[in-house]
There are 2 protein chains.
Amino acid sequence: MARWQGGAAERLKEAALGLFQTQGYDGTTVAEIAAAAGVTERTFFRHFTDKREVLFFDQQSFEGTFLNALPASSADPIAAVIAGLGGAAALFGEERRGWSRARQAIIAANPGLQERELLKLSLLAVSLTRELAGRGIDPISAALAAETGVAVFRTTFTTWVAEGETRSFPEIQDEVLERLRALL
Amino acid sequence: MARWQGGAAERLKEAALGLFQTQGYDGTTVAEIAAAAGVTERTFFRHFTDKREVLFFDQQSFEGTFLNALPASSADPIAAVIAGLGGAAALFGEERRGWSRARQAIIAANPGLQERELLKLSLLAVSLTRELAGRGIDPISAALAAETGVAVFRTTFTTWVAEGETRSFPEIQDEVLERLRALL
DNA sequence: GTCTATAGTACGATAGAC
DNA sequence: GTCTATCGTACTATAGAC
C-alpha cells in the first residue's frame, strides 16, 4: 500500500464534510476523519492546524480574490471595496451552491465553527483596511469602508445559501447593494 | 475559613486577568485560576462555559445596553442603530479604560480570544437585526443597518483603547460617525 | 466531586521523491 | 545526498459525562 497517494488535504476535507453530515461535527473525531482519508491523526494536524480548519478555504487565496479585484486607485473607498466584492462572485458559482449549503448547515449548528468563520471574515476586513490605508485613506474611514464591504458580502452569501434561493450570487449582491444605497 | 465567600465569578475574573497578564493566556491553566480564586476547577466551569468566557461580559446585559437605547420606532434603521450606540457609552467610562486596555492586550495576542469577541459582536448584530425586522424593516436592510452599527462600535472601541488615546468614548464615537457620514 | 475522552503539542523516526 | 510527507508515541489541558 502506497504511503504516498497525494492530495491528502483534499481527501481529508471531503471525508470530514461527509462524516460531519452523517454524525455531526461534535460526534466526529479527528481520528475518524483521518481513517476515512487513509492517513493517521498525526497527518491531519500536519495539514490543518485544528479540527475546525478542515471546513474552510485557504485564507490567502480567499483574501487574494478580493484584493486582486480592488481598483488600483480610487478616491471613494466604499466604491473600491464594492469593486473588490465583484471578484468574489467567481468563488460562488452555481456548481458550488450545493457544497456551500452543506457546509453552511454544519457551521450554523456549531458556535465554534461560527467563531472561525467570523475570524476569517475579520481577517479579510483587516487586509482590506490595510490596503485602503496604504492608498492614503485615513484609518477610520478605511476600517469603516472595509467593514461595510464585508457586511455586504456576508449578507449576500447568507441569502445565496438560504434554502429555496435560486438567484445567482451576483444577482443577490446587486440587490444587497441596492438596499445599502437606499439606507444611506 | 469560610467555604462560601461569595462573588466567586468576580474573583475568578480578577484572578484570570492577573494571571493572563503575567503568564500569558496559554501559559495559564484553569486549575491555576481556580486556585488563585480559592475554588476548584469544577467551580470554574460552573461559572464559565469555557476558559475564554472568563474574559467577557455577560452577553445578555451587554446586548441589553444597546437594545434598551433603541428608539421605540423609527423609519430610518441606521438612525435607530446609531441611537442604540449611545447607550453603549455607559459601559465605557474613563474608570474602565485601564481595565479594558489590559483585557484588550490579552485578546489581541490570542486568535482564539479574538474569535470569541467576534462571536459576541455577531450575536449583538443578530439581536439588532431581529429587533429592526420586528419593526417592519425588510431583513436585508435590517442586517445591513445592524452590521453598520456594530462596525461603528467596533471602530470606536478599538480607538478608545489604543495606547495614548485620551478622548472619551462619546467623543471618539462622534468622530467615527462623522467619518461614516463623509463616506456615504 | 471524580473520571475520562479528545483536541492539540512536542519530539522523533521513517520513507518516498528528486 | 536533500527535501518533504508520513507515521509513532507520549503527554497536557480542556471540557463534558457520570
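From a predicted model like this one, the values you see are computed outputs, not experimental measurements.
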- Query: Does B/Q114 use its side chain to pair, donor to acceptor, with the backbone of B/A108 at less than 3.5 Å?
  - Reply: yes

- Query: For DNA chain D, which residues in residues 109-121 of chain A have a heavy atom at a distance below 4.0 Å?
  - Reply: none

Write down the protein N/O and nucleotide N/O pairs, taken from nucleotides 8-12 of chain D, whose separation is under 3.5 Å; answer none if there are no such pairs.
| residue | atom | partner | partner atom | Å |
| --- | --- | --- | --- | --- |
| D/dG8 | O6 | A/R42 | NE | 2.4 |

- Query: Do NZ/NE/NH1/NH2 and the carboxylate oxygens of A/R52 and B/E115 come within less than 4.0 Å?
  - Reply: yes

- So, is A/H47 close to the D/dA5 phosphate, meaning a side-chain N or O under 4.0 Å from OP1 or OP2? no

- Message: Just the rounded figure in Å: distance from P of D/dA15 to CZ of B/F44.
- Response: 8 Å

- Message: Between B/K120 and B/E53, does any NZ, NE, NH1 or NH2 come within less than 4.0 Å of an OD or OE carboxylate oxygen?
- Response: yes

- Query: Expressed in angstrom and rounded to an integer, what is the separation of B/E32 atom CD from D/dA13 atom C1'?
  - Reply: 11 Å

- Task: Measure from CZ on B/F48 to C1' on D/dG16 and round the result to the nearest Å.
- Result: 18 Å

- Message: For B/Q60, I'd like to know if atom CD has over 12 heavy atoms of other residues, nucleotides or ligands within 6.0 Å.
- Response: no

- Message: Whether the side chain of B/S122 engages the backbone of B/L118 through a donor-acceptor N/O pair (distance < 3.5 Å, no angle test) should be reported.
- Response: no

- Answer yes or no for B/K51 and B/F45: cation-pi contact, defined as NZ/CZ to six-membered ring centre under 6.0 Å and angle to ring axis within 45°. no

- Message: If I take atom CZ in residue A/R46 and atom P in nucleotide D/dA5, what distance separates them, rounded to the nearest angstrom?
- Response: 5 Å

- Verify the distance criterion only: is there a donor paired with an acceptor across the side chains of B/T43 and B/T40 at less than 3.5 Å? yes

Donor-acceptor pairs under 3.5 angstrom involving side-chain atoms of residues 177-184 of chain B: please list them, not counting sequence neighbours.
| residue | atom | partner | partner atom | Å |
| --- | --- | --- | --- | --- |
| B/E178 | OE1 | B/R181 | NH1 | 3.4 |
| B/R179 | NE | B/E175 | OE2 | 3.2 |
| B/R179 | NH1 | A/D138 | OD2 | 3.3 |
| B/R179 | NH2 | B/E175 | OE2 | 2.9 |

- Protein-nucleotide distance (B/I33, atom CD1; D/dA13, atom P), rounded to Å: 12 Å

- Is A/E117 salt-bridged to A/R103, going by a charged N under 4.0 Å from an acidic O? yes

- Between C/dT9 (P) and B/D26 (CG): distance, integer Å: 9 Å

- Taking only residues two or more places apart in sequence or in another chain, which ones pass ring-ring contact (aromatic ring centres under 6.0 Å, His included) with B/F66? B/F62, B/F153

- Query: Does one hydrophobic cluster hold both A/L17 and A/I33, with members joined at side-chain heavy-atom distances below 4.5 Å?
  - Reply: yes

- Pair B/R101 + B/E165, salt bridge at N-O below 4.0 Å: no

- State whether A/R97 and A/E94 are salt-bridged, where the test is any N-O pair (Lys NZ or Arg NE/NH1/NH2 against Asp/Glu carboxylate O) under 4.0 Å. yes

- Item | Protein-nucleotide distance (A/F45, atom CZ; C/dG12, atom P), rounded to Å | 21 Å

- May I ask you to list the residues of residues 13-23 of chain A, by number, that have any heavy atom positioned under 4.0 Å from an atom of DNA chain D? none

- Kindly state which residues belonging to residues 50-58 of chain A come within less than 4.0 angstrom of DNA chain C, counting heavy atoms of the residue only, listed by number. A/D50, A/K51

